[in-house]
2 protein chains.
Amino acid sequence: MSTPFYSIGQLAKLAACKVETIHYYEKTGLMPEPPRTEGGHRSYALQHVKRLNFIRRSRELGFTIEQIRKLLRFIDEPDHYCGEIKAMAMQQAREVQQKINDLERLKEGLNLMVAQCKGQGYSVDDCPIIEALYIAPE
Amino acid sequence: MSTPFYSIGQLAKLAACKVETIHYYEKTGLMPEPPRTEGGHRSYALQHVKRLNFIRRSRELGFTIEQIRKLLRFIDEPDHYCGEIKAMAMQQAREVQQKINDLERLKEGLNLMVAQCKGQGYSVDDCPIIEALYIAPE
DNA sequence: ATAAAACCTATAGTAACTACAGGTTCAAGA
DNA sequence: TCTTGAACCTGTAGTTACTATAGGTTTTAT
């Protein structure tokens, strides 16, 4: 079996993120400062791979760094309970729904404009898209 | 009737954006450098109100500054035709749809986690949300 | 005339990274 | 063992679209 230590490049591959991002997470305290080799290279263990995966997947779900910091505190301190984490996930789901609603309205507006636009061959002066955006005050 | 000149503060109110944002748009070339008063204050006319409204509404529809710069070039140069603008609006609609799809998947993931979580009273060790995020390699 | 509100410029800060520059260490082949 | 190239190191600057602050000047209203 191989030793359970990973270079930062290996960690990056295992958790599907970039080396620079790991540096950044370390600087901002999401990832711990790992032990180093003689020469000063970072040396990671399996727990780091797990933690970084957690961070990446949380980012993919739209959590901000600050929210993830909070989630990690819940995990790091063993006296916290699941309720707080559930509440955060529910809140996050609500925010995502809100964003979806906004984008749906936005899409409506765009489609309306596109439908009305005669397209090629007509000058910008007659373009209803421009019209729609260029609302003159009074 | 009043003179058709507006201070930057009045312009900001008429186009529903902040004074600092107008400064920023000027620096980055979206808004032109307007004439000044004796004392050096910016003096705007109706065309500026229209242009700033155009920019704001385009931003609300999710266009980036670079895209708006392009749209404004189409408008500023009288030899362009509506087709290019229609194409940009359609492309934008496609991108918005893509974002909506991504967020829908994300919401699914969150709701699944929330549904499985027993909540209050259970320790973090048993939490399926943590479980779902903390995917161990190997 | 005076004082408050609005304006001016320039710089730094925000989120979450990404991309250098210029140097050091590690791993593999000859 | 030596060498070379890949991977690593630190630190700083750039990205997007603004927002905020500081410290000073002009305008406007009383």
Side-chain angles (χ1 to χ4, degrees), chain A residues 2-3 5-44 48 51-72 92 95 99 102 106, chain B residues 2-3 5-44 48 51-72 92 95 99 102 106:
Chain A
S2 62
T3 57
F5 289 110
Y6 307 100
S7 73
I8 195 170
Q10 290 170 326
L11 172 59
K13 238 170 226 143
L14 285 170
C17 83
K18 299 193 177 174
V19 167
E20 292 88 350
T21 307
I22 300 173
H23 283 155
Y24 171 72
Y25 287 159
E26 185 179 317
K27 241 190 323 199
T28 53
L30 276 196
M31 288 293 287
E33 294 185 23
R36 303 282 185 126
T37 64
E38 291 279 301
H41 286 197
R42 288 167 179 82
S43 174
Y44 293 99
H48 298 108
R51 193 182 182 93
L52 187 53
N53 260 306
F54 181 91
I55 295 170
R56 179 182 51 74
R57 293 176 60 78
S58 301
R59 289 287 300 129
E60 283 170 7
L61 287 174
F63 287 99
T64 68
I65 294 291
E66 276 322 301
Q67 288 173 324
I68 296 170
R69 196 187 302 285
K70 225 168 161 181
L71 287 171
L72 285 170
Q92 181 62 14
E95 276 168 33
K99 263 186 214 162
D102 291 349
L106 197 158
Chain B
S2 62
T3 58
F5 289 109
Y6 307 98
S7 73
I8 196 170
Q10 291 171 325
L11 173 59
K13 238 170 226 144
L14 286 170
C17 82
K18 298 194 178 174
V19 168
E20 291 88 352
T21 307
I22 301 174
H23 283 155
Y24 171 72
Y25 286 159
E26 185 179 318
K27 241 189 324 196
T28 53
L30 277 195
M31 288 292 288
E33 294 184 25
R36 303 283 184 127
T37 65
E38 289 280 301
H41 285 197
R42 287 168 181 80
S43 174
Y44 292 99
H48 298 108
R51 193 181 181 91
L52 187 52
N53 260 305
F54 180 91
I55 295 170
R56 179 183 50 74
R57 292 176 59 78
S58 301
R59 287 289 299 129
E60 284 170 8
L61 286 175
F63 287 99
T64 67
I65 293 291
E66 277 321 301
Q67 288 173 324
I68 296 170
R69 195 187 303 284
K70 225 167 161 183
L71 287 171
L72 286 171
Q92 181 61 15
E95 275 169 33
K99 263 187 214 162
D102 290 350
L106 196 158

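Chain naming here is simple, since letters A, B, ... match the order of the sequence lines and numbering starts at 1 in each. All heavy atoms count here, side chains included; hydrogens, waters and symmetry mates do not.
The two residues B/Gln67 and B/Phe63 come nearest to each other via the heavy atoms OE1-CA, 3.2 Å. Nearest heavy atom pair, residue B/Ile68 against residue B/Ile55, reads CD1-O, 3.8 Å.
Spacing between atom OH of B/Tyr25 and atom C1' of D/dC18 amounts to 8 Å, rounded to whole angstrom units. The CZ-C1' distance, from B/Arg36 to D/dT26, rounds to 13 Å in whole Å. Counting to the nearest Å, the P atom of C/dA15 and the CZ atom of A/Arg59 are 12 Å from each other. One atom, CD of A/Glu26, and another, P of C/dA16, lie 19 Å apart when rounded to the nearest Å. For the pair A/Ile8 CD1 and D/dA6 C1', the computed distance is 15 Å after rounding to whole Å. The interatomic distance linking B/Leu11 (CG) with C/dC8 (P) rounds to 11 Å, in whole Å. The nearest whole Å value for the distance from the CD atom in A/Gln10 to the P atom in D/dA7 is 11 Å.
Nearer to the 5' terminus of DNA chain C, by closest-nucleotide assignment, is the contact made by B/Gly39 (compared with the other of A/Thr37 and B/Gly39).
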Pull out every protein N or O sitting under 3.5 Å from an N or O of nucleotides 20-22 of chain D, one pair per line with the distance.
none

At a cut-off of 3.5 Å, list every protein nitrogen or oxygen paired with a nitrogen or oxygen from nucleotides 12-16 of chain D, distance to 0.1 Å.
none

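Closest to the side chain of B/His41, out of C/dC7, C/dT9, C/dC26, is C/dC7.
The backbone N or O of B/Glu26 sits nowhere less than 3.5 Å from a side-chain atom of B/Glu33 that would complete a donor-acceptor pair.
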As a quick check of understanding, evaluate salt bridge (charged side-chain N to carboxylate O under 4.0 Å, His left out) for A/Arg69 and A/Glu66, giving each step before the final call. CA-CA 5 Å; A/Arg69 196 187 302 285; A/Glu66 276 322 301; 3.1 Å; yes
